[in-house]
There are 2 protein chains.
Amino acid sequence: MNALNSLTQEDLGSAAQRERRRRILDATISLASHGGFDAVQMRAVAEQADVALGTLYRYFPSKIHLLVSALGREFEEAQARRAGKPIPGDTPAERVGLILGRTTKALQKDPNLTEALTRAFMFADASVSAEIHHVGLILTSMLTEAMSGRQDEGEPTEEEIAVARVIGDVWLSSLVGWVTGRSSAEDVEKSMTVAIRLLLR
Amino acid sequence: MNALNSLTQEDLGSAAQRERRRRILDATISLASHGGFDAVQMRAVAEQADVALGTLYRYFPSKIHLLVSALGREFEEAQARRAGKPIPGDTPAERVGLILGRTTKALQKDPNLTEALTRAFMFADASVSAEIHHVGLILTSMLTEAMSGRQDEGEPTEEEIAVARVIGDVWLSSLVGWVTGRSSAEDVEKSMTVAIRLLLR
DNA sequence: CGTCAAAGTGGAACATGTTCCTATTATTGC
DNA sequence: GCAATAATAGGAACATGTTCCACTTTGACG
């Protein structure tokens, strides 16, 4: 286990530690939701989570690890909420459009949180690759499931994965544009519609 | 003129000021090239450019402005070097693949510089939108020119622009993956090949 | 030339991410 | 239960982006 990685669930034997980790991530989400990336200050997170600054750094070796881990937890929860519910729509384009639109709208309801998590994701370097990869997998599987219309049963094809990656990239780029105030919510929707039309026809 | 924006050429009447601006950007590129994003420290830039720290902030209101402006200058120079030279290749896919491959290879020759500029680009917020937009335009026009095979004469179609944007997004996302050490140079090439195949067929 | 405003200098001061150290508390192996 | 080990608390210290200020230089104008 690399010391640069943040502690994952498996490493945390004791309930008290899982509890601390939860409190830290809760504080992170709460602060991010109020004031975005800049409001997630390590001292503030530590205080709100009721742990010492050193402990915070023991659990998450940097602010970026912390935020990307929080993003990972959010994605997991969203994935769990989707589980078992088939995505409506008759064509891959419809289903992907629908789920992306739904997710985008959910993100846009909490702009500060989205800004904090998105920027951390884009700024993360190699030391965060495990957490990043985790998030990437959930995103890709969300898209391939929407494309194929099936859930879990049956692996996606290479082609489906390739298309999902491209769509995911476009989605991320346009989210970045939105969270940084360079483009509007409608612009994001429009980009996604165009990308889906070009890729899923 | 918004005080938050960096001084552009037009604002700089005196030759001494243009000269200072050039020295600052030169120092930025030089430091970035040596040690990447982290090595571009404002005090170091000021010292190497032989200006006071306050003056540096007068010209560029933040490190991100500074780096994105440097990226803008590099893009302009690259665009000027391309001017007039037709892109070889018989199909849009070939031409786009060629020019993207060429550009990617050039960037990969100076990983530190690329890392610094790319991260600044992705981290930039709304106060940098002018500079970001400038870079975005050059990138899009590079791609539409490659697609159509013509230079300047004749505006690109809506469809060409839409495809160029998607390809640009994928390219940026995969560059981010590369500069942050999460994917290899070959991965970038592969992503681009796949995106081009999916979009330009 | 003398004057005045703008620009530049040098450097202190501040904010926040990160590191480090010591004392205290919890956990674990015997 | 006790000794050893690990984890946490509390907080100082450091690094770097950013702001601010007092002073000097430059350049434009009458």
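No experiment lies behind these values; they were computed from the predicted model shown. We name chains A, B, ... by the order of the sequence lines, and we start the count at 1 in each one.
Distances were taken from every side-chain heavy atom of A:K63 (C-beta onward) to each of C:dG8, D:dA9, C:dT18; the shortest belongs to C:dT18. Residue A:M42 has its side chain nearest to C:dG17 when only D:dG17, C:dG17, C:dG8 are considered. The side chain of B:Q41 lies closest to D:dG17 when the candidates are C:dT16, D:dG17, D:dG10. Nearest nucleotide to the side chain of A:T55, out of C:dG10, D:dA9, D:dG17: D:dA9. Closest to the A:Y57 side chain, of the nucleotides D:dT19, D:dA9, C:dG17, is C:dG17.
In this structure, B:I64 places its CD1 atom 10 Å from P of D:dG17, rounding to the nearest Å. Spacing between atom OH of A:Y59 and atom P of D:dA6 amounts to 16 Å, rounded to whole angstrom units. When the C1' atom of D:dT16 is taken as reference, atom CG of B:L56 falls 13 Å away, rounded to whole Å. In this structure, CZ of B:R43 is placed 11 Å from P of C:dA12, rounded to the nearest angstrom. We find that CZ of B:R23 is positioned 10 Å from P of C:dG8, with the value rounded to whole Å. To the nearest angstrom, P of D:dT16 lies 16 Å from CG of B:L66. In this entry the distance linking CG of B:L67 with C1' of D:dT16 reads 14 Å, nearest Å. In this structure, B:D50 places its CG atom 16 Å from P of D:dT25, rounding to the nearest Å.
Contact check, A:R58 against D:dA7: a side-chain N or O comes under 4.0 Å of OP1 or OP2. Close to D:dG27, at under 4.0 Å from its OP1 or OP2, lies no side-chain N or O of B:Q17.
Looking only at distances, no side-chain donor or acceptor of B:S30 sits under 3.5 Å from a matching main-chain atom of B:D26. In this structure a side-chain-to-backbone donor-acceptor pair under 3.5 Å is missing from A:T55 to A:V51.
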Exercise. Reading nucleotides 20-30 of chain C from the 5' end, what letters show protein touch, with B for base, S for backbone sugar-phosphate only, - for no heavy atom under 4.0 Å?
Worked result: -----------
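Taking 4.0 Å as the cut-off between side-chain N and carboxylate O, A:R165 and A:D169 do not count as a salt-bridged pair. Under the 4.0 Å criterion applied to side-chain N and carboxylate O atoms, A:K190 and A:E186 are not assigned as salt-bridge partners.
For the pairing with B:L199, the side chain to side chain contact (heavy atoms under 4.5 Å, CB included) check across B:V170, B:V96, B:V194, B:V166 returns one residue only, B:V166.
Of all heavy-atom pairs between A:M147 and A:A164, the closest is SD-N, 4.3 Å.
Contact annotation for A:V45: no contact, since no heavy-atom pair falls under 4.0 Å across all strands.
For B:R20 and C:dG8, a side-chain-to-base donor-acceptor distance below 3.5 Å is absent, hydrogens and geometry of angles not being considered.
Ring centers of B:F123 and A:F37: under 6.0 Å apart, within the cut-off.
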